[in-house]
Amino acid sequence: MIGSQTWSRAMSACAVVASLLVTPLGPEGPLHAQAGTGTVRGKVTNTAGAPVPNAQVFIAGTQNGGQSGADGSFTITRVTAGTATVRVRMIGYEPTEKAATVTANGTATVDFVLKTSAVSLDQVVVTGTAGSARKREVGNSIGQVSTANLPEVPTNVSNLLAGRVAGVQISGGTGNAGSGSAIRLRGATSIALSNQPLIYVDGVRTRSDEYPRNGIFQGATQRGANSYGSPLNDINPDDIERIEVVKGAAATTLFGTDAAAGVIQIFTKRGSQGAAKWNTQINSGFQRLQKFGTDSVPLLNMDPFVRDGGRLGMQAQVAGGTNNNVRYLFSFGADNSDGVLELDNERKYQLRANVDFSPMKNMQFSWNTAYNNSLITQTPAGNNAQGVTLNAFRQNRNYFGNANSDTIKLVYGQQLTSNIDRLLLGATTTWTPFERFSSRLVVGFDRSAIENRNVRPYGFPGAVLGIIQNQVWSNKIISLDWANNYEITKGDFKATLSAGSQYVNSMVGDVVAYSENYPAPTNPTVASGSLRNADENRLKNITGGAFSQALFGFKDKYFVTVGARVDGNSAFGEDFGFQTYPKASASWVVSDEGFWSEKLGTLKARAAYGAAGRAPTAFAAVQTWNPVGWGTAPAVRPLNLGDPNLGPERTVETELGFDQTLFQGRFSVDFTWFKAVTSDALFFVRNVPSQGFLASSLGNAGKIQKSGVEAAINATLLEKENLGIKVGLNVSTNQSKVLSLGGAPEFSIGNFGWVIPGQPAPVLRGRLIKNEDEIGAAIDTTVNHTFGPAQPTLILSPMLNITTWKGISISARGEYQGGAFINEDASFQALSRSVLWPTCTRAYAAIAAAQPLTPRERLTCVPANARQDMFIFPADFFKIRDITVTVPLGKLIPNTASSSLVLSAQNVFRKNIGMPLFDPEMSGNDGFNVGVRYISEHIPAPALFLTSLRITF
């Protein structure tokens, strides 16, 4: 655990850095009022009189400003004497401004009362456009999450997004320390390729796919914890200001060949002009495994192997600005988390430095640096014959033939450690050589690296002489994004012309060293083994392209955007050439028309059309051979036939929607209908055997589509001085279909997932027991029954926020997912081995009493009858994502500007609808990009209970 000395040193380090940033400025620094300047103070509340924390308050035309505290108060120093316009911006409220008369060395007081407005047409967005644009100008849907509005204690970016944006699905995690989650935007776009969206942080392209798991490459690869870490877990959620999500090709055209699965762009917090402002946060709590079995066996025999895991964390942040127009933000975070499995632990340390300054009058420069180090220890788990979960589930039918917990705990001798190092650098230069023209260049570098060490010591059961493997893996991404914008204004007409280019170079490499059979029981290294092996892989992928866009506006209410992107990718076939992706969108602010009544609120109608792609995997277009040999004789074997015409999948999407507010902004709805068609879909196609390449190869062979609706509905039901009630509901549907296989026969992609013309892409197919619950009835089954899609067809996310006396608030957020099916394999693996399984408790009693069974009991509870394809269940569920209580403390703590206490319970309730065991969001031993998830011998993510004390100095 992180001790008091460590915390003391960490706080001292933060203080030293802050003093280095601030102290050299001397008496002319931000702590001293300058000649001809004064101070603006005030408070931000809503119409009910409750404080509005984290609102952006600044002086118009400058970068001088900051955020309101937990009690709504703010202070802006070094405001030039005279009349100043003070502006307040906060998502969920109408923007407002007031004039303040500032005197030299004096203080002006300005208070603001914000009116609710869940949709602001003048809110600025960046993602999916060539530059920043107001929402009224954008013709496609863009989801936004502002961390200033988050009530709970954020633990990672994936959990922060879950249930908050319509069309976003988070799933696939396990209960192991360091485990990450898969993200799908509007379901799956590809059958064979990655469906993870692109991730950008402050304009820098970063890794989105998972880290390699800590397993053994030689022999059985599942020998480990069988969980995957996510690069998103490396980003400190307390550093984030907002997240923008674009969910389809209609909005991601300018990102080109990699963007068909959508884009998530994360913007971190920045400094502001004024004195240094400290924010500190201390988090503590525990996590507990919730029921995932039956009432009689709630933890599926895992009781002796789990614990309440402790969690302790600290965040410290200092931000401010200087007289020479330098703005800075520095943050430090440390977190120590003991998992619910006995060996699980994750220690995480995070640093960030964001600096903004103007080297010359017409140039802005931003530098972003973030570093993360995660030290993860894991318990062997998953579908692992030498793991604790599999052997605990199967009791005396396990690989020990013994249900004794001390015997099973012999697997704790395996050492599984992962050390993640993540460095993210970004530099943004914006040059405005003359009025109306700006040029922005973003240069980024993202290095994500992990060292996986897997040791089974001398005497370990199942590997008596010992085995060791060490993997050093890294992914380096170098990116450049150059965009130029020129504005033309003539009367009511406005045009913004944009052009630029992008370049992304991704390099992945790893070296694996393996050995076994140690000569003695000692602390081993790879050199200790008498039998050694090694492996090395290197992969480079380059994407480059150019884009142009024109945004036309008339009377600030009619907008049309047209654009295109042309790019190439190193994975394309040599005869394929470049790919062009067009886009077009339009928006109409109907509520600005003369015929529109104010009583009808605001309304914007929008439509968008666009194309984006997904490049094939590296070397898929190239003819390759696999090096093999025996002894000293080298040899090669045919591996991939290759295709010189291989190109990307191409997704074309159409969006129609509207954004409306009613009742003076107290009710809002953001509605979108979409339809996306992917042509030249990449499938694994069989080769002609006479060519010598027997393995299937990727080919542009098919066509698939998906369509659905998304709606974000928010309402303020009550807004009084001591009682406010807000509710929200996100709704998303998604229906997919395979339109064509290009003449290829239907095929399986594993885990009972099939690609069949006319069916969802993909669909689960297996054995249906028609009369499964009729006691004593004859068995009636259908073989190769089509159950339904692997992705949910309906997601509902309700939200509730209640503000009470003294600003104390209570919030709750839930999520329902329905329409999907999943293969629950753990039960089959247990029942087919004669394990006494809790779903068969009634059957065992009936067999002992010579009473009749149901068809399902006869087919699953009698080991000889069990078949793997009879364990396909609906994956429907409802979860409470979090319940949070926030208590503003004001200046209760001496010498502080404000403080608050947050009590948060996350993942505390789940109701399965159709599946008797486990959590439908769980995964098997596969990674984030598996086409069809399945459930194996894992535990689900635990419930988390956190207390956070937040203090502003």
Is the closest side-chain donor-acceptor distance between [X] and [Y] under 3.5 Å?
X	Y	answer
D209	S194	yes
R606	T672	yes
K706	T189	yes
Q169	R186	no

Is the closest side-chain heavy-atom distance between [X] and [Y] below 4.5 Å?
X	Y	result
D567	Q579	yes
N195	R614	no
L794	L796	yes
V589	S591	yes
R933	N751	no
F292	R910	yes
R650	Y581	yes
K726	N714	no

Taking all non-hydrogen atoms of both residues, which atom of [X] and which atom of [Y] are closest, and how far apart?
X	Y	result
R164	D882	NH2-OD2, 4.4 Å
T884	S904	OG1-OG, 3.2 Å
L600	L662	O-CD2, 3.1 Å
G180	S230	CA-CB, 3.8 Å

Check your understanding: Do other residues, nucleotides or ligands put more than 12 heavy atoms under 6.0 Å from K703 NZ?
Key -> no
Check your understanding: Hey, is NZ on K737 packed in by over 12 heavy atoms from elsewhere, all under 6.0 Å?
Key -> no
Check your understanding: So, for F683 and F747, is the gap between ring centers shorter than 6.0 Å?
Key -> yes
Check your understanding: Do the two ring centres, one from F787 and one from F752, sit under 6.0 Å apart?
Key ->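 For F787 and F752, the ring centres are not under 6.0 Å apart.
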Exercise for review: Would you verify whether the NZ or CZ of R565 falls within 45 degrees of the ring axis of F547 while also being under 6.0 Å from that six-membered ring's centre?
Suggested key: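 The answer is no, since R565 fails at least one limit relative to F547.
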**Study point:** Carboxylate-amine/guanidinium proximity below 4.0 Å for D481 and R205
**Key:**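 So D481 does not pair with R205 through a salt bridge.
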Review point. Would you call E152-R881 a salt bridge at under 4.0 Å N-O?
Key: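 Looking at E152 and R881, the cut-off is not met.
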Can a donor-acceptor pair be found, under 3.5 Å and without considering hydrogens, that links the side chain of [X] to the backbone of [Y]?
X	Y	answer
N801	A812	no
T733	V709	yes
K135	D659	no
E655	S141	yes
S811	P151	no

Check your understanding: Passes side chain to side chain donor-acceptor pair (under 3.5 Å), D202 versus T268? Steps please.
Key -> CA-CA 7 Å; D202 293 322; T268 60; 2.6 Å; yes
Review point. Any idea how W588 and Y558 line up, ring-wise: parallel (<30°), tilted (30 to 60°), or perpendicular (>60°)?
Key: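 Answer is parallel, since the angle falls under 30°.
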Review point. After noting the C-alpha distance and the side-chain angles of F671 and I713, does the key distance pass the side chain to side chain contact (heavy atoms under 4.5 Å, CB included) rule?
Key: CA-CA 8 Å; F671 177 86; I713 304 167; over 6 Å; no
**Study point:** Test side-chain contact (heavy atoms from CB on, under 4.5 Å) applied to T678 and E649, E653, Q705, the passing residue
**Key:** E649
